[in-house]
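Taking it in order: structure first as structure tokens, then the write-up.
These numbers were taken from a predicted model, which means no experiment stands behind them. In what follows, chains carry the letters A, B, and so on, assigned in the order in which the sequence lines appear, proteins first and then strands, with residues in each chain numbered from 1.
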There are 2 protein chains.
Amino acid sequence: MSFTLAEARAADAADPLRPMRDRFHLPEGVIYLDGNSLGPLPRATAPRQREVVEHEWGEALIRSWNWHGWIDAPLRIGAKIAPLIGAKPNEVIVTDSTSVNLFKLLVAAARLSDRPTLLSESGNFHTDLHIASGVADLLGLRLDIAPREKIESRIGAETNLALLTHVHYKTAERYDMAALNIRARTAGTRIVWDLSHSAGAVPVQLNATGAELAVGCGYKYLNGGPGAPAFLYVAERLQEELLSPLRGWMGHAAPFAFTDDYAPAPGIARFLAGTPPILSLIALESGLSAFNDVTVERLWSKSNALFDIFHALMEQRCPDLVCITPRAPEVRGSHISFAHPNAFEICQALIAEGVIGDFRAPDVIRFGLTPLYLGFEDVWRAIDILAAILGEERWRDPKFAVRGKVT
Amino acid sequence: MSFTLAEARAADAADPLRPMRDRFHLPEGVIYLDGNSLGPLPRATAPRQREVVEHEWGEALIRSWNWHGWIDAPLRIGAKIAPLIGAKPNEVIVTDSTSVNLFKLLVAAARLSDRPTLLSESGNFHTDLHIASGVADLLGLRLDIAPREKIESRIGAETNLALLTHVHYKTAERYDMAALNIRARTAGTRIVWDLSHSAGAVPVQLNATGAELAVGCGYKYLNGGPGAPAFLYVAERLQEELLSPLRGWMGHAAPFAFTDDYAPAPGIARFLAGTPPILSLIALESGLSAFNDVTVERLWSKSNALFDIFHALMEQRCPDLVCITPRAPEVRGSHISFAHPNAFEICQALIAEGVIGDFRAPDVIRFGLTPLYLGFEDVWRAIDILAAILGEERWRDPKFAVRGKVT
């Protein structure tokens, strides 16, 4: 397939999501293919942050917990994420980080069963594996880290819990959530789903597939800002059974009664812990407003169109980079990744020319396909620049081999 | 002691900390006696937040993790808190909430010993007690919740850990940290100190008193903004022994190596967990800049002067309110609390007239004495208004009896 710049422009002109691009501040001279790592600044966010800082905090002070709804923010914002992941509004809260929320759900769920094994995938995002290892260590569980292709068959009579990342952070491979939920239910196992690379771009149907427990990230496709708080989902029917190991006051049935005895809040609120970081929380709420009047189906349809063109242009113009993301839409997410022995240097050379993707050790370049604001012309131009970097071997400049702390 | 408005103004004019008041935005028509619940907005914060949101996030995007030092923020900001609590710069990090940090330290420390008991104080701030009960439940420890006067004697051969709040959130009573650390060391017990109502106003000498473990709040005297991340302290000599139960990727020795195996970072960084909420974190850093060129000794000296005048004026003008805070400076913190059967209504009536204190169930009004920005005239005027509310029984208006969610 060939795809010209003129065709890319025509595709942008015909794109029903094109007006959504105006909801973001996209810096001049940058093609941003890293919105799955840190979403860009929504235009609604800067004025709203000024209002929160200068008016709500600055003028109303402590009274804003009531006057401006700070106290309800974790539940209110959770309810806004719910439709993006096929959950009910009372099943999602925003709180803490993905890592901390994983810990809460793994401990809470593992203690409902006396089965000995906690299953996860080798090469899963490492915070998931590390949190799982901490939980296993604490509860005396056996950690079973299996390759992806063996996960389904490893769910068995010994499996207490499986921790699965819906879309793989590196390859973008996607699990069949419905099939695995059936498999787990049959085996009497619970799954904790990590939706960090799904929510906001990839279809997720937690309720419809019978998913019981999930967490996910606020700063990737949800555009909540650097280190935005994460979300946590517990299916309604399980909420009264589960107890968070992190019994902070915000998850208490009566936080302002100041009683010595712990009584968990009814429903999902029991998974709150300490006082939430309001400035970061409200930034996430602003980010979510960029999803107003947009369906997940439309996002996914655009993501697929971006993927197909990205894939085809790469085959045509950059054949040395080997695509490691499956092509079929039903088994992948909304990013596309390529292996190359010099992935690090190539990624640095791209960034130097304004094309921002992600290097993922040891040899992968990852590009986020973010349907709300990425255009077809962006894709065309990014690959045009990449082709030139490869063709002229510009990535061989020694300055691109210097390793920083974060890449 | 009588103390006139003219004398109050003279005291303000002679106050060496008076210029620090200009470092804060203090709204018109408000006397803010709640800076120990939510510190006011420092003037440095609003422009810095705009810069972080609009420039660092908006323009530099993901690159700000390196370019603008986001990745170092938890350690960098921790080092700025260290001098306020008598710690070394490499002994403090800023991360998560006070509740989550308490959990980390309690679990990590409890697992170093096989003693069976976790000791804390009845009537301690309830998040501390709830977190402790969760830890006890998880590790199979016995929770020993004793009245304050028995705490010291209860530290014994069975005591694994004691969780003590340095300054009591309600009464402002302060433990003798040095004496208790000696007592604990002698008994072979470890203490986790909660400095939430100390840091930024009350002298704390963690190193000099041999304190091993501590946490504290970023949004009270440190003026970090609503729900600002908390801090965590581990004495240098203990850092390599302790393992956080929350093994998030930011606490890994090599977060960007993406390895399956967990290896804790050297030093205090191992107590990081997930990606930190940068907007809230940077707001805390701005708040700390209000402490530049101010010593804890000077803060405490002013706090004592405010306390003495507050106490004297209350005895003179509002004798129906019973002071429950000890008068001697060495056994109290930087707030002053009073009991009254109608504390709730009185507090609401005060707020309606612009004097903001805190009601704490069931019958306490608490006033924060924040030496960086509170003046002697503020205290005089607040008590003048309170005396009028009491004298005319204005608090009996039924509208002041309506209970909100947060008071």
Which portion of B:I145 sits near chain A, non-hydrogen atoms under 4.5 angstrom: side chain
Part of B:V52 within contact of chain A (heavy atom distance under 4.5 Å): neither
Geometric class of the B:Y169/A:F258 ring pair [parallel <30°, tilted 30-60°, perpendicular >60°]: parallel
4.5 Å side-chain heavy-atom contact, A:I62 and B:Y32: yes
Residue selection (most heavy-atom pairs with chain A, distance under 4.5 Å) from B:S133, B:A273, B:A257, B:P245: B:S133
Residue part contacting chain A, namely of B:F24, when any heavy atom lies under 4.5 Å: neither
Residue among A:V100, A:T127, A:D34 with most heavy-atom pairs under 4.5 Å to chain B: A:T127
Max heavy-atom pair count under 4.5 Å with chain A, selected residue of B:L129, B:I131, B:L243: B:I131
Validation row: B:V30, A:R63 side chains within 4.5 angstrom (heavy atoms): yes
Most contacts with chain A, counted as non-hydrogen pairs under 4.5 angstrom, among B:D261, B:L102, B:N101, B:L284: B:D261
Test salt bridge (Lys or Arg N to Asp or Glu O under 4.0 Å) applied to B:R111 and A:D137, step by step: CA-CA 11 Å; B:R111 298 182 84 195; A:D137 181 51; 2.9 Å; yes
Minimum-distance pair of heavy atoms, taken over all atoms of B:W57 and A:P226: CD2-CD, 3.7 Å
Geometric class of the A:F103/B:F103 ring pair [parallel <30°, tilted 30-60°, perpendicular >60°]: perpendicular
Chain A contact via B:S97 - side chain, backbone, both or neither, heavy atoms under 4.5 Å: side chain
Interface residue of largest heavy-atom contact number with chain B, from A:I356, A:T98, A:D96, under 4.5 Å: A:I356
Residue pair A:G58 / B:P27: nearest heavy atoms and the distance that separates them: O-CG, 3.3 Å
Among the listed options B:G35, B:P42, B:A283, B:P255, the residue most often paired with chain A at heavy-atom distances under 4.5 Å: B:P255
Short side-chain donor-acceptor distance under 3.5 Å, B:H25 and A:E59: yes
Leading residue by heavy atom contact count with chain A [cutoff under 4.5 Å; candidates B:T275, B:L279, B:L61]: B:L61
Contact class of B:E54 relative to chain A, heavy atoms under 4.5 angstrom: both
B:R247 and A:D128: CA distance, side-chain angles, deciding distance, salt bridge (Lys or Arg N to Asp or Glu O under 4.0 Å) verdict: CA-CA 9 Å; B:R247 301 180 181 176; A:D128 297 67; over 6 Å; no
Parallel, tilted or perpendicular: rings of A:H126 and B:H252 (30°, 60°): perpendicular
Proximity breakdown for B:P277 and chain A, heavy-atom pairs closer than 4.5 Å: both
Region of A:D260 that comes under 4.5 Å of a non-hydrogen atom in chain B: both
B:Y262 side, atom OH; A:L143 side, atom CG - distance, nearest 0.5 Å: 14.0 Å
A:L41 side, atom CG; B:H55 side, atom NE2 - distance, nearest 0.5 Å: 12.5 Å
Winner by heavy-atom pair count (cut-off under 4.5 Å) against chain B, out of A:A361, A:G225, A:S37: A:G225
